[in-house]
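This report concerns only the one structure given below.
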Amino acid sequence: MADWKIKRQVLRAASVCMVLFGILAVYVIYLSTWEADDLAHNPLNMRSAAARSDIVRGSILSADGKVLAQTEADGKRVYPFGDVMAAVTGYNGEQIGSAGIEGHANPALLGITGDMSRLGPLAQLLQSDRGNDVKLTIDSRAQQAAFSGLGGRRGAVVVLDASTGAVLAMVSSPAYDPNDIEANWKNLSQQEASPLLNRAVQGLYPPGSTIKPMIADAALTDGATSEAEIFDCDGVLDVGGGHTIRESHGEVHGRVNLRQAVTESCNVTFGTLGMRLGDSKLQKAFERFGFAKEIGEEILMTKSHFPEFGKLSAGDQAQTAIGQSALLVTPMHMALLADAFAHGGTIMKPYLVQEIVTPGGTVLQETRPSVWLKATTPQMAATIDSYMEDVVTKGTGTAAKVSGVRVTGKTGTAENAAGRDHAWFIGSAELPARKIVFAVLVENAGGGGTEAAPIARQIIQSLM
């Protein structure tokens with residue numbers, strides 16, 4: 001009897017061990033399949049960190065061949081452009097991990113391919129003693145011009161190739177110097193100005209009047225107005241409940257059609273259109289232009305913040321249509337909005353990594369341009385694009401004019417509850433070699449036409 005009890009207990013113990021072993025096996029399979037990519041590319045992966053001591057980390061290069069990050073003979077990682085390229089390169093440190101391209105392209109820079117990253121310690125037998133180089137789409141001239149244009153003020157600039165989505169410049173200010181970030185980490189992380197924040201893709205701001213081209217598109221598309229309709233602007237719009245919307249600086253635009261309303265940035269016109277469109281059509285327009293979408297891969301863009309569609313008052317609808325209310329967007333997304341009108345209604349997917357190249361010069365990976373979404377029709381895009389050209393030739397954006405270049409744009413002066421207005425300018429420019437789109441934001445700077453548009457002009461000139 002006693003022997004049977006002992007055998008039964010042993011059998012139970014063995015059964016429990018078998019179940020636990022089965023659970024462990026399933027978990028290991030789960031980690032090595034479904035979670036493999038995320039774990040392999042996680043900048044906190046200690047396997048990659050351990051490999052750094054034996055591998056010379058590859059270089060990061062700009063599209064025009066400038067070295068943005070490289071490893072010196074003593075093993076030190078250096079960044080020749082310092083804070084100018086910080087929003088692009090990010091940083092790489094033993095104690096603080098990686099960010100930016102240093103984080104996203106960490107396996108490539110260590111010479112670890114997707115297949116090798118899953119092999120664990122065996123991968124070290126297959127890799128070389130030097131990582132791969134990562135060539136970006138960044139144009140050092142545009143990046144430097146954007147950084148200099150901000151002049152240390154808080155803000156962000158994004159410049160894209162309109163036909164491919166290649167990121168030519170991505171600047172955030174104030175920035176940090178990745179050459180000594182580890183030593184200054186505590187100070188940087190505590191600064192009120194948030195230099196570690198990449199404002200270009202992570203900063204959220206009310207877009208102000210730069211959203212009006214999209215509202216014009218929505219109103220024409222959904223039949224809320226026509227190009228022939230005349231709006232009577234006396235400087236004040238009654239939105240009900242004892243509330244009004246006023247024109248900037250007390251302006252009165254008089255009788256204007258939609259083209260003129262975009263050119264003069266007429267709040268009365270666009271507040272009226274916002275109320276006509278209502279919640280559902282406003283929401284549909286933001287979705288159509290991708291404001292509810294993420295980009296992913298090397299561009300980790302913060303999601304837009306929307307007002308609570310379905311519960312908006314007439315006043316909130318009007319405020320949303322002039323880029324205020326609870327609406328918050330990133331500078332990157334405003335550059336994508338500009339691309340919709342400059343590129344025939346199609347928005348190209350933005351990308352930073354152009355090529356991954358082995359030490360021997362073999363191209364392992366090359367990014368091919370791809371469509372992110374089709375936001376509007378080519379005919380509608382051409383109409384709105386012509387409105388935006390008028391903004392620069394005879395409206396609020398004349399400070400962006402460049403002789404011999406067709407420039408389009410839309411200014412924005414976004415009210416900010418925490419201080420002075422934010423200055424915006426978005427648009428496009430047809431250069432001899434390519435067409436570009438851009439978004440410029442200067443925090444707490446005032447008027448977009450006087451503060452942001454001149455920066456766009458500097459960028460255009462740098463690429464000529």
Side-chain angles (χ1 to χ4, degrees), residues 145-146 149-151 153-159 169 171-173 199-200 203-216 245-251 253 260-271 319-325 327-339 341-342 384-385 387-402 407-429 436-460:
L150 286 173
R153 294 175 291 177
R154 298 184 192 184
V157 178
V158 175
V159 184
V171 170
S172 178
S173 176
R199 287 166 159 83
L204 288 172
Y205 306 90
S209 294
T210 56
I211 205 67
K212 288 175 180 174
M214 188 196 81
I215 300 300
I245 287 178
R246 296 180 178 273
E247 296 295 343
S248 178
H249 305 108
E251 294 177 354
H253 297 121
Q260 293 165 328
V262 172
T263 303
E264 298 300 328
S265 201
C266 179
N267 286 341
V268 168
T269 298
F270 284 94
Q319 288 283 355
T320 300
I322 63 171
Q324 297 290 165
S325 185
L327 179 62
L328 299 172
V329 299
T330 65
M332 172 63 78
H333 219 132
M334 296 310 293
L336 296 175
L337 177 64
D339 194 36
F341 301 123
I384 304 301
D385 184 64
Y387 291 0
M388 293 173 70
E389 183 178 14
D390 285 356
V391 171
V392 175
T393 58
K394 55 187 177 183
T396 57
T398 55
K401 279 184 181 180
V402 177
V407 181
T408 75
K410 184 67 193 79
T411 57
T413 304
E415 292 181 5
N416 168 34
R420 291 186 67 199
D421 297 342
H422 297 319
W424 279 96
F425 188 72
I426 69 170
S428 68
I436 65 169
V437 293
F438 45 77
V440 179
L441 165 78
V442 190
E443 292 183 19
N444 311 122
T450 57
E451 301 298 330
I455 297 175
R457 184 182 67 239
Q458 289 178 235
I459 295 166
I460 296 167

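Positions are given from 1, in the same order as the sequence printed here.
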> Distance-only, no hydrogens or angles: does the T263 side chain make a donor-acceptor pair with backbone N or O of G395 under 3.5 Å?
Replying inline: no

>> Could you go through Y205 and N416, starting from their C-alpha distance and side-chain angles, then the distance that decides it, and tell me whether this counts as side-chain contact (heavy atoms from CB on, under 4.5 Å)?
In response: CA-CA 9 Å; Y205 306 90; N416 168 34; over 6 Å; no

>> For the OG atom of S428 and the CD atom of E389, what is their distance to the nearest 0.5 Å?
In response: 8.5 Å

>> Show the nearest heavy-atom pair for residues L150 and S173, with the distance to one decimal.
In response: CD1-CB, 3.8 Å

>> Can you give me the closest heavy-atom contact between L327 and T320, atom names plus distance?
In response: CD2-O, 4.1 Å

>> Going by the rule side chain to side chain donor-acceptor pair (under 3.5 Å), which residues pair with T396 if we only count those two or more places apart in sequence or in a different chain?
In response: T411

Review item, side-chain donor-acceptor pairs of residues 417-426, under 3.5 Å, at least two apart:
unit_1: R420; atom_1: NH2; unit_2: A445; atom_2: O; d: 3.2
unit_1: H422; atom_1: ND1; unit_2: N444; atom_2: N; d: 3.0
unit_1: W424; atom_1: NE1; unit_2: P206; atom_2: O; d: 2.9

> Are side-chain heavy atoms of I436 and I460 found at a separation under 4.5 Å?
Replying inline: yes

>> Given 3.5 Å as the limit, does a donor-acceptor pair link the side chain of Q324 with the main chain of E415, or not?
In response: yes

> Looking only at heavy atoms, which two atoms of A145 and I459 are closest? And how far apart?
Replying inline: CB-CA, 4.1 Å

>> Once rounded to the nearest 0.5 Å, what's the spacing between atom CE of M332 and atom CG of L441?
In response: 13.5 Å

> Looking only at heavy atoms, which two atoms of I211 and G323 are closest? And how far apart?
Replying inline: CG2-N, 3.4 Å

> Can you name the closest pair of heavy atoms from V392 and K401 and give their distance?
Replying inline: O-CE, 3.2 Å

> So, K212 versus S265: side-chain donor-acceptor pair below 3.5 Å or not?
Replying inline: yes

> Looking at CD1 of I384 and CD1 of I215, how far apart are the two atoms once the value is rounded to the nearest 0.5 Å?
Replying inline: 10.5 Å

> Could you walk me through whether E443 and R199 pass the side-chain contact (heavy atoms from CB on, under 4.5 Å) check?
Replying inline: CA-CA 10 Å; E443 292 183 19; R199 287 166 159 83; 2.7 Å; yes

> How about R153 and I455: do any of their side-chain heavy atoms sit closer than 4.5 Å?
Replying inline: yes

>> For the backbone of A399 and the side chain of R457, can you confirm whether one donor and one acceptor N or O come within less than 3.5 Å of each other?
In response: yes

> How about T330 and L204: do any of their side-chain heavy atoms sit closer than 4.5 Å?
Replying inline: yes

> D385 and A342: which non-hydrogen atoms are nearest, and at how many Å?
Replying inline: OD1-CA, 4.1 Å

>> Once rounded to the nearest 0.5 Å, what's the spacing between atom CD of Q260 and atom SG of C266?
In response: 10.0 Å

>> Apply side-chain contact (heavy atoms from CB on, under 4.5 Å) to residues T413 and H249 and explain how you reach the verdict.
In response: CA-CA 11 Å; T413 304; H249 305 108; over 6 Å; no

>> Can a donor-acceptor pair be found, under 3.5 Å and without considering hydrogens, that links the side chain of E247 to the backbone of N267?
In response: yes

